[in-house]
Amino acid sequence: MQRFPAEFSDVLTDDGRRWLYQGHQDDLSHNPNRSFMCMAGVIQPRFCQEAYSLLNARLYKYLSDLEQKIPLFSTWHMVQNYRERLPKVVRMKTIDMTSYNRAYQMVKEIGLLQMLDSESFYQFVSKLSGYRLRKKMGKQVLCYERGDYIGPHNDHHPEDPEASSGYIDCHISFAGPGVQHQYLIYEQNRHLTEMQAMHHAGVITIYRLPFWHYTTPLAVDEGSLVLDQRRWVVLGTFLFDKRDKNVQKWQQEVSRRLTFSESE
Ligand SMILES: [Fe+2]
């Protein structure tokens, strides 16, 4: 495969296509207490392998390091017991998609931008989340290698009025055969108790953000090739279309939670 297909629907399995056209009866809009859904078997396995190889061959050299260490002050400047504060810590690689640079050009050249911009990708995320979404979206490409991870964070953007009552992310994951495991740990009933494996090839996850979560360090099979020890994540971020009644219902739920947390 030299390019990603122009339409996302072309890479789906029969199950994936059924959900694209008919929606999912257990979508996020029907589950106010669930922030996250994870689907395997939605993308054709052969496409997953080819996409992994294509990303390795064409995009790897354009990745840049993204690293935020635990600040020393977060430990040694504490003045009260049990008052820890941890900013978002992370180590991974990413493509800079904020300007029209060489990396961005390559994402375009291999057809990835076109696939993420396709009508069927938009429809898929809208149907699976259960919300009408706005078409203008954010796109990112991430790559985890041995030991890469993200610490606890919630992805809330209170300063951005368009996103302050939430938004939807869809992540498509391409893991190499040398990846042993990587998990998403996320909150349920305000405890970080839930765990989902992310290391299977072609996993798709849909998030209604914000909520607390973190990604465990990527573990690899000793003896496997370094080339096979990566997990690429291609993702789209969609804002809610506020005219949709399911979106309005969600915004009422957000207001209720805000009121509840103030009285707590
Ligand atoms: Fe996140």
Side-chain angles (χ1 to χ4, degrees), residues 1-13 16 19-20 36-66 90 92-98 101-126 128-129 133 135-145 148 150 155 167-177 179 182 184 196-207 209 213 215 218 227-238:
M1 186 171 85
Q2 297 301 313
R3 273 179 73 85
F4 283 84
E7 280 292 335
F8 179 66
S9 52
D10 290 344
V11 309
L12 295 173
T13 58
W19 288 338
L20 165 65
F36 166 74
M37 56 199 288
C38 178
M39 290 150 287
V42 176
I43 309 182
Q44 296 162 17
R46 182 161 172 195
F47 164 74
C48 294
Q49 285 166 13
E50 291 179 344
Y52 181 81
S53 303
L54 182 60
L55 291 165
N56 267 353
R58 303 290 296 279
L59 271 193
Y60 185 78
K61 65 177 166 198
Y62 296 106
L63 289 166
S64 37
D65 291 327
L66 178 64
V90 57
M92 64 195 307
K93 288 186 164 60
T94 179
I95 294 280
D96 175 14
M97 305 258 278
T98 55
N101 51 31
R102 194 67 195 103
Y104 184 91
Q105 256 175 282
M106 188 51 72
V107 176
K108 199 171 169 188
E109 213 173 295
I110 62 173
L112 184 51
L113 274 189
Q114 196 179 1
M115 189 185 82
L116 291 175
D117 280 330
S118 67
E119 177 66 20
S120 52
F121 184 58
Y122 163 78
Q123 287 294 344
F124 182 84
V125 184
S126 188
L128 271 287
S129 64
L133 303 168
K135 290 215 166 165
K136 195 170 179 297
M137 60 174 294
K139 294 167 273 257
Q140 287 181 63
V141 179
L142 316 171
C143 181
Y144 296 85
E145 295 184 288
D148 287 352
I150 308 183
D155 288 319
Y167 55 95
I168 298 289
D169 254 22
C170 177
H171 296 197
I172 310 168
S173 174
F174 302 106
V179 173
Q182 188 166 42
L184 181 85
Q196 174 65 53
M198 310 300 277
H199 50 269
H200 305 299
V203 164
I204 294 196
T205 44
I206 298 192
Y207 304 76
L209 293 157
H213 56 285
T215 306
L218 184 121
L227 259 182
D228 291 337
Q229 297 174 345
R230 296 175 186 147
R231 185 168 80 89
W232 289 86
V233 179
V234 170
L235 71 97
T237 298
F238 294 86

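- In this structure, the side chain of Ser118 engages the main chain of Met115 through a donor-acceptor pair within 3.5 Å.
- Taking 4.0 Å as the cut-off between side-chain N and carboxylate O, Arg3 and Glu109 do not count as a salt-bridged pair.
- Considering every non-hydrogen atom in both Leu59 and Ile95, the closest pair reads O-CD1, 3.9 Å.
- No hydrogens or angles considered: a donor-acceptor pair under 3.5 Å links the side chains of Glu7 and Ser120.
- Atom-to-atom distance recorded for Cys170:SG and Phe8:CZ is 6.0 Å, nearest 0.5 angstrom.
- Annotation: the span from Tyr144 atom OH to Ser173 atom OG amounts to 9.0 Å, rounded to 0.5 Å.
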For the pair Val234 and His171, evaluate side chain to side chain contact (heavy atoms under 4.5 Å, CB included) and give the outcome as yes or no after the intermediate values. CA-CA 6 Å; Val234 170; His171 296 197; over 6 Å; no
Please walk me through it: do Ile206 and Phe36 pass side chain to side chain contact (heavy atoms under 4.5 Å, CB included)? CA-CA 6 Å; Ile206 298 192; Phe36 166 74; over 6 Å; no
Yes or no on side chain to side chain contact (heavy atoms under 4.5 Å, CB included) for Leu112 and Val141, after CA distance, side-chain angles and deciding distance? CA-CA 10 Å; Leu112 184 51; Val141 179; 3.8 Å; yes
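- By the 4.0 Å N-to-carboxylate-O rule, Asp117 lies too far from Lys135 to be salt-bridged with it.
- Contact record, Leu218 with Gln182: CD1-OE1, 3.4 Å, taken as the closest heavy-atom pair.
- Side-chain N or O atoms of Thr94 include none that pairs as donor or acceptor with a backbone N or O of Leu66 at under 3.5 Å.
- Among Ile172, Val203, Leu142, the single residue meeting the side chain to side chain contact (heavy atoms under 4.5 Å, CB included) criterion with Val233 is Leu142.
- Ion pairing between a basic and an acidic side chain is recognised when a charged N comes within 4.0 Å of a carboxylate O; Glu145 and Arg231 show no such pairing.
- Ala197 approaches Cys38 most closely through the heavy-atom pair O-SG, 4.5 Å.
- Taking each heavy atom of Lys93 and Asp148 in turn, the nearest pair found is N-OD2, 4.4 Å.
- Tyr52 and Phe174 have their aromatic ring centers separated by at least 6.0 angstrom.
- For the residue pair Ser64 and Asp96, no side-chain donor N or O sits within less than 3.5 Å of a side-chain acceptor on the partner.
- Using a 30° and 60° split on the angle between ring planes, Tyr60 and Trp232 fall in the perpendicular class, above 60°.
- Considering all non-hydrogen atoms of both residues, Leu133 and Val125 come closest at CD1-CG1, 3.9 Å.
- Side-chain contact check for Ile204 versus Ile43: some heavy-atom pair is nearer than 4.5 Å.
- Using a 4.5 Å heavy-atom cutoff, the side chains of Phe4 and Phe47 are in contact.
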After noting the C-alpha distance and the side-chain angles of Val179 and Arg230, does the key distance pass the side chain to side chain contact (heavy atoms under 4.5 Å, CB included) rule? CA-CA 7 Å; Val179 173; Arg230 296 175 186 147; 5.7 Å; no
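- Summarising the geometry of Leu128 relative to Trp19, their closest heavy-atom pair is CD2-CB, 3.8 Å, with the distance given to 0.1 Å.
- A distance of 6.0 Å or more separates the ring centres of Phe238 and Tyr167.
- A side chain to side chain contact (heavy atoms under 4.5 Å, CB included) with Leu113 is found for exactly one of Met106, Lys139, Gln105, namely Lys139.
- Interatomic distance, Cys143 SG to Leu63 CG, rounded to the nearest 0.5 Å: 5.5 Å.
- Between the OG1 atom of Thr237 and the CD1 atom of Ile168 there is a distance of 10.0 Å, given to the nearest 0.5 Å.
- Interatomic distance, Arg46 CZ to Met1 CE, rounded to the nearest 0.5 Å: 10.0 Å.
- For the atom pair NE2 of His213 and OH of Tyr207, the computed distance is 6.5 Å after rounding to the nearest 0.5 Å.
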